[in-house]
Structures are given as C-alpha cells and as structure tokens.
2 protein chains.
Amino acid sequence: MSLNKDGLNKKISIAVIRRLPRYYRYLADLLRMDITRISSKELSQRMGITASQIRQDLNCFGGFGQQGYGYNVELLYREIGNILGVSDRFTTIIIGAGNMGQALANYENFEKRGFTLIGIFDINPQIIGKKIRNVEIKHMNEMDDFCRDNHVDIAILTVPYQNIPEVAKKVASLGIKGLWNFSAMDLKLSYDDIIIENVHLSDSLMVLGYKLNERRKAEETKKAEEARKSEEVREAGEAKKAE
Amino acid sequence: MSLNKDGLNKKISIAVIRRLPRYYRYLADLLRMDITRISSKELSQRMGITASQIRQDLNCFGGFGQQGYGYNVELLYREIGNILGVSDRFTTIIIGAGNMGQALANYENFEKRGFTLIGIFDINPQIIGKKIRNVEIKHMNEMDDFCRDNHVDIAILTVPYQNIPEVAKKVASLGIKGLWNFSAMDLKLSYDDIIIENVHLSDSLMVLGYKLNERRKAEETKKAEEARKSEEVREAGEAKKAE
DNA sequence: TAGATTGTTAATCGATTAACAATC
DNA sequence: TAGATTGTTAATCGATTAACAATC
C-alpha cells in the first residue's frame with residue numbers, strides 16, 4: 001500500500017498504476033521538445049484521454065500541479081519516475097537467451113527506466129560465453145552461486161513453455177521476488193511474496209486480428225446495405241416507369 | 001460490430017475481447033491434458049477469475065455451454081478461435097529486423113494463431129538476404145513492390161523510435177490495415193480504417209517495479225510496527241517493575 | 001427424477017467523467 | 001484583478017458479481 005499525500009494508506013487501483021508508464025513516456029516526449037509546462041487539458045488531447053482522468057490519476061499521489069498554471073513537465077516527470085521507482089535501480093537477470101531473451105538483453109530502454117541487467121543464463125553450449133552489452137551468457141547451473149553472490153530483484157523468464165514450472169520454482173527458491181514472464185504459460189506461484197507480470201505478446205496480436213475482422217465485417221455490412229438501397233431506388237424507378 | 005447470437009448488433013466491450021486470448025490459451029491447455037468438459041466453476045478456479053465472469057463473457061457470443069454439463073472443451077476452443085479469427089489467416093510482414101524483429105519472426109506461436117509471416121524488411125545491408133524460417137530479409141525499398149504483389153493484412157513495426165512516423169505513413173499508403181507497433185512511440189494515425197495495437201514492453205516491467213516497491217514498503221511498515229509493539233511491551237514491563 | 005450447471009437478470013461495485021469552488 | 005486551471009466532490013457510466021429460474 002502506498003502512502004498518499006495525507007500520509008494515509010489508500011489503495012491505488014491497478015488501472016491507475018498501469019497508466020503511469022504511459023504518462024511517463026509522454027512527459028519524456030514533452031521534455032525532448034523543450035516544453036516546460038502543460039495543462040491537463042492539453043495533455044489529454046495529446047494522449048487521447050480526458051483531462052479529468054489525468055487530474056484524478058495524478059491526485060492519487062499528490063498535488064503536482066498549480067491552479068491557473070498547469071503542471072511543470074520536468075517536476076511531474078520526476079515525480080512519476082519516483083512513484084514507479086525508476087531511481088531505485090532494480091537488478092535483473094534473464095533466464096533463457098533465445099531470440100527473445102537476447103532481444104530483451106539488447107533493449108537499452110530498460111536501463112533508462114531503472115533496470116540493470118547483471119546476468120544472462122541458458123543451457124545451450126553454443127551461446128554460453130557470448131556477451132550481450134557486456135554481460136556474459138552463463139550456464140544455468142551457475143545461477144545458484146551467482147544469486148548468492150549478487151542481489152537479484154527481477155528474473156526475466158524467456159524459457160520454453162514446458163520448462164517454465166521448473167525454472168519458476170528454482171527462481172523462487174533463490175529468493176528472487178519479481179518475475180517477468182514471457183513464456184506462453186501463465187505463471188502463478190503459491191509464494192505470496194513473489195510478484196509476477198505475465199506478458200503474452202500473441203494475446204495482443206490476436207486482439208488486433210479480432211479488430212481487423214470486425215472492421216472488415218462492418219464494411220461488408222455497409223456495402224450490402226448500400227447495394228440494397230441502390231436496388232430499392234432502381235426498383236422504385238422501374239415501378240414509376242411502369243405506371 | 002459483431003453479430004451476437006440473436007443476430008443483433010451488440011457492441012462487445014474491449015475488456016471482454018482482451019480476455020478471449022487468455023481463455024483460448026487455457027482451453028488449449030485443457031485439450032493438451034485430454035480434459036473434454038469443464039464447468040465455469042472449475043475453469044474459474046484455474047484462471048483465478050469468477051465463474052460469473054466466464055459465463056457472462058462467453059454469453060456475449062452465444063450459448064456454448066449446456067445446463068448440468070458445462071462446456072465441451074474442444075467446441076469452446078474452436079468457437080473462441082473463430083471469434084478471434086484464428087482460421088482466417090492474416091498475412092503479416094515485419095518491418096525492422098533487429099533483435100526484436102528477428103525474435104518475433106522466430107516465434108512459431110503466431111503461425112498457430114492464424115498469422116502467416118510473408119516478408120521481412122530492413123535497411124541494414126549486413127542482414128539483407130538472411131533467411132528466418134524460410135522468409136528472406138529484403139531491403140525496405142523493395143517493400144512497395146512486395147505489397148503490390150502480395151496482400152498484406154498486418155505490419156509488425158520494430159523500427160527505432162525516430163523512424164516510426166515515416167514508416168507508419170509509408171505502411172498506411174500501401175493499404176495495410178493493421179499495425180502491431182513495438183516502437184517506444186505510441187502510434188496514432190489519422191486514417192480511421194487502420195487499426196493499431198501499441199505494445200510497450202517496458203510499461204509492463206515498470207508496473208512490476210512499482211509492485212515490488214509497494215511490497216517492500218509494506219514489509220518495512222510491518223516490521224516497524226512490530227518493533228514498536230515489542231518496545232511497548234518492554235516499557236510496560238519496566239513500568240511494572242518500577243511500581 | 002434429482003443434481004448440476006448454464007444463461008440471464010438484477011444488484012453491487014468501481015472507474016470514469018462532469019462540475020465547480022479554491023487558488024495561483 | 002481577471003483568467004486559467006487545478007484539486008476534489010458528486011454524478012454517471014460500465015463492468016463485475018450474485019442470484020436464480022431454466023433446463024440438461
């Protein structure tokens with residue numbers, strides 16, 4: 001539970017939390033454009049949400065704005081960064097250095113957002129020893145020692161479907177508290193002090209497929225409707241002629 | 001808009017749609033375990049949601065179950081697959097064959113879910129000509145011709161931040177209707193017949209960071225509370241002694 | 001038939017939006 | 001001071017959950 005501005009425990013809804021990184025990105029864009037202040041109204045137009053929602057969201061954490069002025073972009077950026085723990089530096093390891101694991105290891109944005117990659121593990125001898133952004137891929141059986149010697153906050157799991165239960169159990173036993181799971185299997189662990197974010201890329205792609213189909217269907221319906229109407233007009237014309 | 005079971009246009013909420021791929025995955029798991037029937041109650045326990053929600057969700061599309069019996073797993077799996085258009089086969093191209101692009105190109109799950117990769121494009125001469133799962137990486141300037149010769153439903157964008165506006169415009173001009181955007185920039189296009197899914201991996205990671213911090217804070221508060229209490233007990237003991 | 005479980009309506013809950021007094 | 005815009009309360013909207021009659 002987070003302390004809100006009155007120092008009271010107030011549970012902040014997950015819907016609000018999930019919007020914070022998006023605010024953070026938009027504010028970074030504004031900074032890049034040298035925009036120093038912004039009103040909830042203008043931000044709402046850029047982001048495609050209501051100004052009300054922005055003010056409501058931000059006020060879960062404190063009054064970051066100023067009446068008649070709006071919000072100072074840099075201050076707000078820093079505040080949201082603090083809420084998200086960007087400056088807290090989380091240490092991460094990647095387990096599974098296949099395509100996805102390597103892609104994530106190369107993703108420099110994570111560094112900027114407070115996540116430091118300190119280890120990569122796999123079992124494939126062909127890639128062990130290879131370095132990605134100065135981090136060497138090690139064999140899985142070195143992971144125990146590594147985690148004893150280094151504090152690890154988050155394990156990023158990009159191992160195949162069938163290996164997930166075993167790897168998750170191992171990771172839990174090593175005292176790692178955060179799991180970012182890219183495996184196709186939803187991960188649930190009975191240890192209630194472990195926090196898991198499951199990522200299912202293909203879910204998002206399937207939603208896109210659904211929307212495309214809906215659009216296509218709507219267009220077909222529209223076309224059929226138009227065809228029907230023009231047919232009506234034609235028939236009416238013929239009927240008139242026949243009179 | 002989807003036709004519901006009464007043949008009426010009923011707008012189905014995006015919240016429901018976004019849960020469908022998850023149902024689909026769980027049903028695939030059940031099939032793999034040779035489970036042929038399931039009740040909303042049992043499925044709810046597996047998935048960690050309410051049985052009410054499952055029945056409510058499924059009934060947006062039709063009565064797939066049977067009173068007293070539950071749902072036939074295979075039938076339900078197929079029905080949800082149809083709703084999501086799994087059998088409709090969407091053709092896709094990947095633009096940007098960096099680490100993420102190549103990782104996605106190698107992701108065999110997409111094939112299973114109805115997405116066929118037919119092209120990969122990049123500008124890096126070092127990787128042009130390389131084949132991923134039998135699809136050759138071509139130069140971006142071949143994309144126009146390619147899209148004229150082949151119908152493309154979806155473009156998967158994994159190009160760097162600064163290139164996104166230009167690439168998106170190009171893609172729109174080629175008549176591609178679905179964009180799956182992995183760039184760090186939110187994509188919005190003014191063409192209202194183009195459908196976009198923005199994916200922001202680091203957003204999800206930041207939410208994980210937030211939750212870890214909350215957990216840590218809660219534990220610290222608890223510890224401080226316990227320390228305070230044991231201090232009270234000690235003081236009470238001393239006060240008694242002093243009497 | 002009795003038991004189980006759906007489909008569906010009604011009740012509840014929570015999230016979003018609107019409105020406006022406070023204030024810079 | 002006048003204008004702008006926040007912080008915050010109240011109203012609305014939509015999504016989730018509960019309940020139960022229908023029915024396999």
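Chain identifiers are assigned alphabetically (A, B, ...) following the order of the sequence lines, protein sequences preceding nucleic acid strands; residue numbering begins at 1 within each chain.
Contact annotation: side chain of Gln56(B) to base of dT17(D), donor-acceptor pair present below 3.5 Å.
For the residue pair Arg25(A) and His200(B), a side-chain donor N or O sits within less than 3.5 Å of a side-chain acceptor on the partner. In this structure, a donor-acceptor pair under 3.5 Å is absent between the side chains of Asn72(A) and Tyr77(A).
Distances shown here put a side-chain N or O of Thr50(B) below 4.0 Å from the OP1 or OP2 atom of dT17(D). When the side-chain nitrogen and oxygen atoms of Gln53(A) are compared with OP1 and OP2 of dT16(C), one or more of them lie within a distance under 4.0 Å. Contact annotation: Arg55(A) reaches the phosphate of dT6(D) (side-chain N/O to OP1 or OP2, under 4.0 Å).
Of all nucleotides listed (dG7(D), dT16(C), dT17(D)), dT16(C) comes nearest to the side chain of Arg19(A). Closest contact between the side chain of Gln67(B) and the listed nucleotides dT17(D), dA15(D), dA22(D) involves dA22(D). Comparing dT6(C), dT5(D), dA15(D) against the side chain of Ser13(B) picks out dA15(D) as the nearest. When distances are taken from the side chain of Ser40(A) to each of dT6(D), dA15(D), dT16(D), the shortest belongs to dT6(D). Taking the side chain of Asn59(B) as heavy atoms from C-beta on, and the options dT16(D), dT8(C), dT8(D), the nearest nucleotide is dT8(C). Nearest to the side chain of Tyr71(B), among dA19(C), dT6(C), dT5(D), sits dT6(C).
Listed for the Thr91(A) side chain is a donor-acceptor partner under 3.5 Å among the backbone atoms of His151(A). Using a distance-only test at 3.5 Å, with no hydrogens or angles considered, a donor-acceptor pair links the side chain of Lys188(A) to the main chain of Arg46(B).
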Inset, instruction - Carefully, step by step, assess Tyr161(A) and Asp29(B) under the rule side chain to side chain donor-acceptor pair (under 3.5 Å). - result: CA-CA 11 Å; Tyr161(A) 184 83; Asp29(B) 284 347; 2.4 Å; yes
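Using cut-offs of 30° and 60° on the angle between ring planes, the pair Phe115(A) and Phe110(A) is perpendicular.
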Legend entry - Nucleotide pairing, DNA chain D (Watson-Crick or G-U, distances under 3.5 Å), in dot-bracket with [ ] and |: ..||||||||||||||||||||||
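Comparing Gln66(B) and Asp57(B) against DNA chain D, the residue whose closest nucleotide sits nearer the 5' end is Asp57(B).
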